[in-house]
Amino acid sequence: MPTFSAFARNVFRTGTYEAEDVLVGCDDVDVIHLEASNVSAFGNRVLGRLVYHDVSRRLVSLNPGLRPVRLTRDYELFMLFCPFLQDVWYANAIQGWRDQCRTSVCWIDELWADDVQHLQNWLPVLNRFDHVILGIPGSGKDLGDAIGRPCHEILSGVDTIRFSPYPNPPARVVDLYSIGRRWEGIHRSLLNLAARKEMFYIYDTLDHVAIGETRDYAQHRDLYANITKRSRFFIVAPGRMNFPQGTRGQVVVGRRYFEGLAAGAVLVGQAPDSEAFRRNFDWPHAVIEIQPDGSDAVAVISRLLAEPERLREISCRNAEEALRRHDWVYRWKEILRIAGLKPTPAMEAREKRLGELAELARERGSVSV
């Protein structure tokens, strides 16, 4: 399994590296740490621009300037997990991998159906993979039609053990936590609460935080998880919710839903109007709805705070459901099934631990305090 963590250190990539770490902990995986070369920044930038204008559609098969790697043994599976289609060509740095891997899977976390038509010159990079998986439901048909074969769809996930407040739930000292894209109406309402010193509200103050770089992705995930599991409310919204021209009506369950859920926070915002959401978040109060303009934000949150018992039940149910459904190990098991491989004993052991933590959450949610 190649990883880009040595040279692509953007914040938005840290969840992908977390997923890779979970697989490494559950299977016999050789991780190939791809490295930048002296010309990689130039190659990636310049070649990347040229690909969009390459009528031959051959540039995408080149190594975009990474240090070349050659495998020294045979493998059952070549596994590539990346945020975007444009990342897949990093695998070109691994020379001859197709000859030494029995089967191969490419899992692309974010590919919108509307983007497929604009990425035609990037599509040949998928030809060498036996299985293509997409993380956004609804994009599989468009990509499948474009490459001439079916694609699978698997939702994102989270390291629920990292994010879970169990077995020793910490005090929820943060009232409200918001990351990434946000509705300005909701944000203004929450700022007013914070200004009156009625709430402790943590939010992004820098532009384009997600494309910023981390010094250490694991430390970033730990910090993020530790704040989230200490938060009462976690603000959520569907992917690209304020960029409708880029969605073509597609509604996406972003990764923050899984992260807030796993931390046992109460999700406040908008539930995605999609079958994927209804199927995977099918318990009461998975998301507490508030209007995007923020007009009812204060009232909704105030009502919840007046019902601490209900707040605790929602929190515990969220944490339990995440542990039972949305850990990365469940996604990896499905991918191994697609690749024709069986789950490992370490995966079964992780599932057992997840079940134990889920029981702690269930018990805490059913006990009156």
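Under the 4.5 Å side-chain contact rule for hydrophobic residues, Val60 and Leu62 share a cluster. There is a path of hydrophobic side-chain contacts, each under 4.5 Å, that joins Val125 to Leu66. The hydrophobic cluster containing Phe258 does not contain Met241, counting ILVMFWY residues as joined when their side-chain heavy atoms lie under 4.5 angstrom apart, directly or transitively. Residues Ile108 and Leu155 fall into different hydrophobic clusters, defined by Ile, Leu, Val, Met, Phe, Trp and Tyr side chains chained together at heavy-atom separations under 4.5 Å. Using a 4.5 Å cut-off between side-chain heavy atoms of Ile, Leu, Val, Met, Phe, Trp and Tyr, with links allowed through other members, Val266 and Leu305 fall into the same hydrophobic cluster.
Side-chain polar atoms of Tyr52 and Gln120 form no donor-acceptor pair below 3.5 angstrom. Donor-acceptor pairing under 3.5 Å is lacking for the side chains of Asp21 and Trp328. Defined by atom type and a distance below 3.5 Å, a donor-acceptor pair is missing between the side-chain atoms of Asp175 and Tyr201.
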| Does the pair Cys151 and Ile133 meet the rule for a side-chain contact (heavy atoms from CB on, under 4.5 Å), with working shown? | CA-CA 6 Å; Cys151 297; Ile133 300 171; over 6 Å; no
| task | Show the numbers, then the answer: is there a side-chain contact (heavy atoms from CB on, under 4.5 Å) between Asp204 and Arg182? | result | CA-CA 10 Å; Asp204 290 340; Arg182 64 191 178 214; 4.2 Å; yes
| request: Begin with the C-alpha distance, continue with both residues' side-chain angles, and end with the deciding distance and a verdict on ring-ring contact (aromatic ring centres under 6.0 Å, His included) for Tyr203 and Tyr177. | output: CA-CA 6 Å; Tyr203 51 91; Tyr177 190 23; over 10 Å; no
| field | side-chain contact (heavy atoms from CB on, under 4.5 Å) assessment of Phe233 paired with Ser178 | value | CA-CA 9 Å; Phe233 300 101; Ser178 173; over 6 Å; no
| field | Residues Leu119, Leu111; criterion side-chain contact (heavy atoms from CB on, under 4.5 Å); working and verdict | value | CA-CA 10 Å; Leu119 296 171; Leu111 179 64; 3.7 Å; yes
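Comment: Glu35 engages Arg67 in a salt bridge, judged by a side-chain N to carboxylate O separation of less than 4.0 angstrom. Contact check on Glu259 versus Arg221 returns a salt bridge, with a Lys/Arg side-chain nitrogen under 4.0 Å from an Asp/Glu carboxylate oxygen. One finds no salt bridge joining Arg331 and Glu334 here, because no Lys/Arg side-chain nitrogen approaches an Asp/Glu carboxylate oxygen to under 4.0 Å.
Under a 3.5 Å cut-off, the side chain of Arg230 and the backbone N or O of Asn226 do form a donor-acceptor pair. The backbone N or O of Val298 sits nowhere less than 3.5 Å from a side-chain atom of Ser189 that would complete a donor-acceptor pair. Panel note: side chain Asp145, backbone Asp142; no donor-acceptor pair is recorded below 3.5 Å. Side chain of Arg337 to backbone of Pro343: no donor-acceptor contact under 3.5 angstrom is found. For Asp327 (side chain) and Val329 (main-chain N/O), a donor-acceptor pair under 3.5 Å exists by modelled atom type. Between the Asp159 side chain and the Ala19 main chain, no donor and acceptor come within less than 3.5 Å of each other. Using a distance-only test at 3.5 Å, with no hydrogens or angles considered, no donor-acceptor pair links the side chain of Asp282 to the main chain of Arg278. Side chain of Arg9 to backbone of Glu213: no donor-acceptor contact under 3.5 angstrom is found. A donor-acceptor pair under 3.5 Å links the side-chain atoms of Gln250 to the main chain of Pro137, judged by distance alone. Between the side chain of Ser231 and the backbone N or O of Phe234 there is no donor-acceptor pair closer than 3.5 Å.
Ring-plane geometry between Tyr90 and Phe4 is classed as perpendicular, the angle between the planes exceeding 60 degrees on a 0 to 90 degree scale with a lower cut at 30.
Considering only residues two or more places apart in sequence or on other chains, Tyr330 meets the ring-ring contact (aromatic ring centres under 6.0 Å, His included) condition with none of them.
Listed by chain and number, the hydrophobic cluster partners of Trp112 are Ile136, Val252, where partners are ILVMFWY side chains within reach of under 4.5 Å, directly or through others. Taking a 4.5 Å side-chain heavy-atom cut-off between Ile, Leu, Val, Met, Phe, Trp and Tyr, the cluster of Leu206 extends to Val209.
Listed by first then second residue, pairs satisfying ring-ring contact (aromatic ring centres under 6.0 Å, His included) with a partner in residues 286-315 number zero, not counting sequence neighbours. Legend: ring-ring contact (aromatic ring centres under 6.0 Å, His included) pairs involving residues 15-37, not counting sequence neighbours, sorted by first then second residue: Tyr17-Tyr217.
The environment of His208 atom NE2 is sparse: at most 12 non-hydrogen atoms of other residues, nucleotides or ligands sit within 6.0 angstrom.
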Tell me which donor-acceptor pairs under 3.5 Å the side chains of residues 190-199 have, and how far apart each pair is, sequence neighbours excluded?
from: Asn192; atom 1: ND2; to: Arg188; atom 2: O; distance (Å): 3.3
from: Arg196; atom 1: NE; to: Glu198; atom 2: OE2; distance (Å): 2.8

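A ring-ring contact (aromatic ring centres under 6.0 Å, His included) with Trp107 holds for exactly one of Trp332, Phe78, Phe129; it is Trp332.
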